[in-house]
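All chains are named by letter (A, B, ...) in the order of the sequence lines, taking the proteins before the strands, and each is independently numbered beginning at 1.
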Amino acid sequence: MFALIDANSFYCSCERAFDPKLRPLPVAVLSNNDGCAIALTREAKDLGLKMGDPYHLVAKRPELKPIVWRSSNYALYGDMSRRIYETLLDLVPVVEPYSIDEMFLDLAGMPGELAQLAADIRSHVRKIAKIPCCVGIGPTKTIAKLANKVAKKDRNGPGVCDYSEESVRAAAYPSLPLGDVWGIGPASVAKLAALGVETVGAFVAMPAEYVRKVLTVTGAKTHAELQGVICFPFNTAPATRKSLAVTRSFGRAVTTWPEMRDAIASYTARAAEKMRRHGLVASAMQVFMLTNRFNNDPRYANQVTFAVEPTADSFALIASAVHAAERLWRPGYRFAKAGVVFVDLHRPDDLPIQMLPSRDPERSARLMAALDGVNGRFGRNTLRPGGTGPKPQWGMRRARLSPAYTTRLDDVLEAQA
DNA sequence: TCTGGGGTCCTAGGACCC
DNA sequence: TCTGGGGTCCTAGGACCC
């Protein structure tokens, strides 16, 4: 039996955890660049704000005036996620983090009544990690996710929904909309609606071969999972990742090559850092740049993917990325966004030995270790490659950023007795 | 002036091979 | 009148997730 625990309006709840006066107020957290709303409290939803609404358009609407806006603070949210994880380990033996605000729990062999256990877990997380959550229970991950969704929708309910019993599911499925199912997105909802299938009950009643024909194997797995057949097993060891990206919209349009070059260099340096943290090397990379697609600026978008000598060396990768960007660059356009993606990631041991490496691998490794060591100790960007300046004009807008309460010594709250 | 970022998996079709 | 069969690999695009 599985449980899925999912934080309510996670980013907003993190803001509230350290700023109690926000608790009764409608709160919304903005995407990078203060672009659009990506997390909303129930109070903000009730005022009519929607996920994805562009901030510069909705900030003026009079009925949305009471909303308290925050720039996204990933240092805070990432750390709060870790705290939830550790809090859960107080009560259950294994936890599988699924996303920044969701964790699967394996309840196999847990004593006592499951719904009561879920309620205990929920109140423990709320008390210790200061984050409100809902819990769903089911014999497969898909059912646990569905139960969680049901728990969330019931505003005055207990915050727990137990679908461990087949009879309970059979009673509930006919009234649940298909779009609530994990893995069934808008395209599949439309496809199935055209066939007259609109509820989980109707979906489950479809013959398996037919589902497979309409929705391919992914849909067939979801179909089986809803009937209690495990297709997505519990996984404690995280899979090694296959790609890794740093892509950003600019705080204002980039119109000169030196600015674009510096942006690409900075993104590459960040991505290389991430890659080293995972102990991986890239043997191919992609670089792209594009203009604003929402206004009337002349449009241009281009990308290039190319192989590189497998490495995690920032300097080597920056040189390759900038060289590629130079080929994509077109003067006269107002660029809104650019990015660097490392694909074809490997553990260095899995690759053949480079017979004629273009740089000394030992020296490179020592240099990168020194770079990461200094930055780990004194803060990101203390040491950085040339051309990756700290506060560029094109940098992210984050006008409403909260303090890094848990990860920056200067920002830690003071308690007075 | 201002509309996010970062992932995974699957399939079809083309290129290529024998 | 008539032009095979079977395989692999790669890529682009679609769909989904948070």
The side chain of [X] is closest to which nucleotide in this list: [options]?
| X | options | value |
| --- | --- | --- |
| Asp101(A) | dC18(C), dT8(B), dG4(B) | dC18(C) |
| Thr247(A) | dG7(B), dT3(B), dG6(B) | dG6(B) |
| Lys145(A) | dC18(C), dC2(B), dG7(B) | dC18(C) |
| Cys36(A) | dT3(B), dC18(C), dT8(B) | dT3(B) |
| Ala187(A) | dA15(C), dT3(B), dG7(B) | dA15(C) |
| Tyr98(A) | dT8(B), dC17(C), dG4(B) | dC17(C) |
| Tyr74(A) | dG4(B), dC18(C), dC16(C) | dG4(B) |

Is the ring pair [X]/[Y] parallel, tilted or perpendicular, if the boundaries are 30 and 60 degrees?
| X | Y | result |
| --- | --- | --- |
| Phe250(A) | Tyr267(A) | parallel |
| Tyr333(A) | Tyr300(A) | parallel |
| His223(A) | Phe203(A) | perpendicular |

Is [X] touching bases, backbone alone, or none of the nucleic acid, heavy atoms closer than 4.0 Å?
| X | result |
| --- | --- |
| Val181(A) | sugar-phosphate |
| Ser188(A) | sugar-phosphate |
| Ile100(A) | nothing |
| Asn32(A) | sugar-phosphate |
| Arg397(A) | sugar-phosphate |

Just checking, any donor-acceptor pair under 3.5 angstrom between side chains of Tyr405(A) and Glu15(A)? no
Are Arg400(A) and Tyr55(A) close enough that a side-chain donor and a side-chain acceptor fall under 3.5 Å? yes
Return the value, rounded to whole Å, for the distance between atom [atom1] of [X] and atom [atom2] of [N].
| X | N | atom1 | atom2 | result |
| --- | --- | --- | --- | --- |
| Gln286(A) | dG7(B) | CD | P | 12 Å |
| Lys152(A) | dC18(C) | NZ | P | 10 Å |
| Lys141(A) | dC17(C) | NZ | C1' | 13 Å |
| Asn148(A) | dC17(C) | CG | C1' | 14 Å |
| Leu215(A) | dC17(C) | CG | P | 12 Å |
| Met396(A) | dG6(B) | CE | P | 9 Å |
| Leu192(A) | dA15(C) | CG | P | 13 Å |
| Lys60(A) | dT1(B) | NZ | C1' | 10 Å |

Give a yes or no on whether a salt bridge exists between [X] and [Y], defined as a side-chain N under 4.0 angstrom from a carboxylate O.
| X | Y | result |
| --- | --- | --- |
| Asp79(A) | Arg83(A) | yes |
| Glu259(A) | Arg252(A) | yes |
| Glu209(A) | Lys213(A) | no |

Using the closest heavy atom to pick a nucleotide of DNA chain B for each, name whichever of Tyr55(A) or Leu244(A) lands nearer the 5' end. Tyr55(A)
Find every protein N or O atom lying less than 3.5 Å from an N or O atom of nucleotides 9-13 of chain B, and list the pairs.
| from | atom 1 | to | atom 2 | distance (Å) |
| --- | --- | --- | --- | --- |
| dC9(B) | OP2 | Lys242(A) | NZ | 3.1 |

Check this one for me: any side-chain N or O of [X] less than 4.0 Å away from OP1 or OP2 of [N]?
| X | N | answer |
| --- | --- | --- |
| Arg248(A) | dG6(B) | yes |
| Lys337(A) | dG5(B) | yes |
| Ser249(A) | dT3(B) | no |

Report the residue from Arg334(A), Arg330(A), Arg299(A) that forms a side chain to side chain contact (heavy atoms under 4.5 Å, CB included) with Thr291(A). Arg299(A)
Donor-acceptor pair, Asp180(A) side chain versus Leu146(A) backbone, under 3.5 Å? no
Is there a side-chain contact between Met103(A) and Tyr98(A) in this structure, where contact means two heavy atoms from C-beta onward sitting under 4.5 Å apart? no
Its dot-bracket string being built from Watson-Crick and G-U pairs below 3.5 Å, with | for another strand and [ ] for crossing, DNA chain C has the pattern ....||||||||||||||
